[in-house]
Amino acid sequence: MQDQAKNFTKKIFCGYLVAFILCFVAMVGYASLVMAKMNLPSEPTLIWRALTPLAIVSLILILSPVRRTLSVLGLIGFLCAIWFVLDFGYYLNFHAMTTVNSTVGAKQLWVIRHDILQSFSAILFLPALVFLLAFPVNKRLRRHFETQADKAMWWQLRRYFIGTGLVGVILFTIAFSVAWVTPIHQKTHDKYKLKWVLPNQHWLSRFSSTGFVRAFGIYNYHVKDIYKFVKKRISHRSVPQDYIKQLHKIFKSRHLLNNIKSPLFGTAKGYNVVILQLESFQDFVLGLKVGGEEVTPVLNRLLKKSLHTNYLFDSSSVGRTSDTEYMVMTGMLPHYGVPTATNFATNTHNGLAKLLHELNYKTHSFCGSELSFWNRNVTHQSYGIKQLHFQNVIAHEGLLGLGVSDGDVANYMAKKLKTLPQPFMAYWISVTSHFPYDHYPKAYDKKFNNAKVPDPIVLHYLRSVNYADHVLGELLKKMQAEGLTKKTMFIIYGDHDAGWFASQHMKGFIEKRLDKAEEDKVVFMIYIPDQVKKLLKYQPEFKNRVGALHDIFPTILHLVGAKIPKAVYGTHLFVKNCERALVPLAVHHKAFVYKGAIYQNGKKYALTPEECKVEKVPAYQEALFEIFLNQIVHENNLLPKIAKELKP
């Protein structure tokens, strides 16, 4: 009788085991099906695609009550299937992946709910329905089992489940260990990067949700996303009141400075705002000739009609381009430890586009990269940008480097702008002049060949900058032909330094010295075709103004005559050098800008002929403390709280 009971238990267990294996196969197969429907290459190896389903099945076997094990497995499988259905609909409309940490994404899903339902094929719902069959099967097995088994048999079956689950955990550990040390293929814009890299070195997966899915699969993407969400909630800590008081002091001082009116206040009130963010454009390229050829002929012509400063510094950090987007759109410094765009995208920001939208502006962003790169499907929405025009909607003749070429984006943008109601805000993020600077049309291979350029990378950089400058000129021509330059303000700037420059690269190449401070200066211009005389009148005072990228946000608001929010770190660039606040520059080693000069390693380096009376030079520790407080704001999403407390 006892042997008969054991045999019966083993048969029941074998039935369950077959069901578990079928669920495991279904989970792996369904994820592959969804990726195929998204037209995402099935690059993840089987081992990467199977890891999470193996872990799920193993943990359910170990932790779930025997009588409900199959039901729990069916429920988990059903929820995964539904989540993937949402992934499919979201990707189809936004070319990015959903995230558990984004209320923006949830709102977007709700807005497009009808489009999602219309775009689904029946095959996507089939796996979800199959997983639901686990409930009646579990119920039937349970009834059948209860009539023939006693508690001893239940405990025996429980031991079988736990043992099998532990085997699954061991298999998972071995598989993950093997996968983690096995090189995987990566597709990157940078031909100098290796094609086969270890998983932790994979480039695109760090900056793009779809890039991560392509490399590691849809399950692992969501596991990582949930982990980041939980970690952020757990790591949340209370902020000492002394820190809050110091933050109040900083923001109040900036607010007083931003209330200073200049002769240009409201000059562009009601004007269209076109923000042109140029990839890796450093200040020294302006006016530079190589082999008798101008590197930036378009910008050189604009210099004669624009307001520009020679001393706008790159204050980005590990997020680089995305950090600059954050600074220009919020007036805040980025986090200096991790990319702000991927770690704090759902924080509450001031949002330049939000503020302009309140002034009846229609807000648009344009970029040739894929939408999920640098998490822009989330960040741009959080800044208040209503319409996003990225690789998925821009007509092009092929990709160039990081995405659609700047030329194709400019063509698309010019056509789009003429259809928009005014006033509008158009934010263009160029990409073609990105490192390694050799993603330009073949015609540019002949550029600057007659010059003695000391380093090949310098030659590539000059060509890519020259191409981007040409595209900028074509965009302006097309806008002018459509009458779009009237009542329009252009803000033109470089997003960060080129990242590779050092004095030895430029030795004997250009006359002016490129020390560390010079290397981190980026292009900055304000061009208002209808107000050229007014701008040029102010230019002698403005040309030596010292600032950083996060100062662009309040500068734009000052020019359109809008109220600058109180909780803003930047200061508009019409505040004189001798009145400006300290600006920590994490891109430097122990350096900060203060009253028109750079202080580095305890030494002062005068940037301009203007001398400011300084009663007390801040210690570098004060700059570090401001950076630390800035991190606290990001990590605890303090901006809404502080903004509320700063109200009179």
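Computed over heavy atoms, backbone and side chain alike; hydrogens, waters and symmetry mates excluded.
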Verdict with supporting geometry, His364 and Tyr427, ring-ring contact (aromatic ring centres under 6.0 Å, His included): CA-CA 6 Å; His364 298 255; Tyr427 182 25; over 10 Å; no
Nearest heavy atoms of [X] and [Y], plus distance in Å:
X	Y	value
Arg254	Gly570	CB-O, 4.4 Å
Val560	Val273	CG1-CG2, 4.0 Å
Gly287	Thr296	N-OG1, 4.1 Å
His634	Phe344	O-CD2, 3.4 Å

Parallel, tilted or perpendicular, as decided by the 30° and 60° cut-offs, for the rings of His434 and His496: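 Judged by the thresholds at 30° and 60°, the geometry between His496 and His434 is perpendicular.
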Aromatic ring pairing Tyr461/Tyr437, orientation class (parallel under 30°, perpendicular over 60°, tilted between):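 Because their plane-to-plane angle is over 60°, the rings of Tyr461 and Tyr437 count as perpendicular.
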Testing the 3.5 Å rule here: is there a donor-acceptor pair between the side chains of [X] and [Y]?
X	Y	result
Tyr361	Gln422	no
Thr379	Asn375	no
His335	Ser317	no
Arg376	Ser322	no
Ser372	Thr210	yes
Asp495	Thr324	no
Ser262	His558	yes
His380	Ser365	yes

Electrostatic pair Glu482-Lys416, nearest N-O below 4.0 angstrom: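 Salt bridge: no.
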For the atom pair [atom1] ([X]) and [atom2] ([Y]), what is the distance rounded to the nearest 0.5 Å?
X	Y	atom1	atom2	answer
Lys289	Glu294	NZ	CD	5.5 Å
Ile491	Gln277	CD1	CD	12.5 Å
Thr485	Asn272	OG1	CG	10.0 Å
Ile526	Ile556	CD1	CD1	8.5 Å
Tyr326	Phe553	OH	CZ	10.0 Å
Tyr440	Asp445	OH	CG	5.0 Å

[X] vs [Y] side-chain heavy atoms within contact, under 4.5 Å:
X	Y	value
Leu549	Leu312	yes
Val575	Asp551	no
Asn466	Phe448	yes
Leu288	Leu462	yes
Val431	Cys367	yes

Lys521 to Tyr311 six-membered ring, cation-pi geometry met (6.0 Å, 45°):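 Cation-pi check for Lys521 and Tyr311: passes.
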Tyr493/Phe524 under ring-ring contact (aromatic ring centres under 6.0 Å, His included): CA gap, chis, key distance, verdict: CA-CA 4 Å; Tyr493 60 91; Phe524 180 75; 7.1 Å; no
Among Thr309, Leu303, Leu276, the one residue meeting side chain to side chain contact (heavy atoms under 4.5 Å, CB included) with Met525: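 Between Met525 and the candidates, side chain to side chain contact (heavy atoms under 4.5 Å, CB included) is satisfied uniquely by Leu303.
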Reference residue Thr571; test side chain to side chain contact (heavy atoms under 4.5 Å, CB included); the match among Ile564, Val583, Thr555, Leu257: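 In the set Ile564, Val583, Thr555, Leu257, the residue that makes a side chain to side chain contact (heavy atoms under 4.5 Å, CB included) with Thr571 is Leu257.
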Contacts of type ring-ring contact (aromatic ring centres under 6.0 Å, His included), residue His308, not counting sequence neighbours: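 Checked His308 against ring-ring contact (aromatic ring centres under 6.0 Å, His included); zero matches.
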Residue list, side-chain hydrogen bond (donor to acceptor under 3.5 Å, both in side chains) with Arg545, at least two apart or on another chain: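 Residues passing side-chain hydrogen bond (donor to acceptor under 3.5 Å, both in side chains) with Arg545: none at all.
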Is the number of heavy atoms from other residues, nucleotides or ligands within 6.0 Å of [atom1] ([X]) greater than 12?
X	atom1	answer
Lys576	NZ	no
Lys537	NZ	no
Lys415	NZ	no

Test log, rule side chain to side chain contact (heavy atoms under 4.5 Å, CB included), inputs Leu264 and Leu307: CA-CA 11 Å; Leu264 294 181; Leu307 200 63; 3.5 Å; yes
Check: Ser433 main-chain N/O paired with Glu279 side-chain donor or acceptor under 3.5 Å: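 No.
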Side-chain (Arg463) to main-chain (Asp438) donor-acceptor, under 3.5 angstrom: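 Judged by distance alone, no pair lies under 3.5 Å.
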Working for side chain to side chain contact (heavy atoms under 4.5 Å, CB included), residues Lys354 and Tyr383: CA-CA 6 Å; Lys354 288 179 186 175; Tyr383 303 146; over 6 Å; no
Side chain to side chain contact (heavy atoms under 4.5 Å, CB included) evaluation trace for Met413 with Val274: CA-CA 11 Å; Met413 182 174 171; Val274 178; 4.1 Å; yes
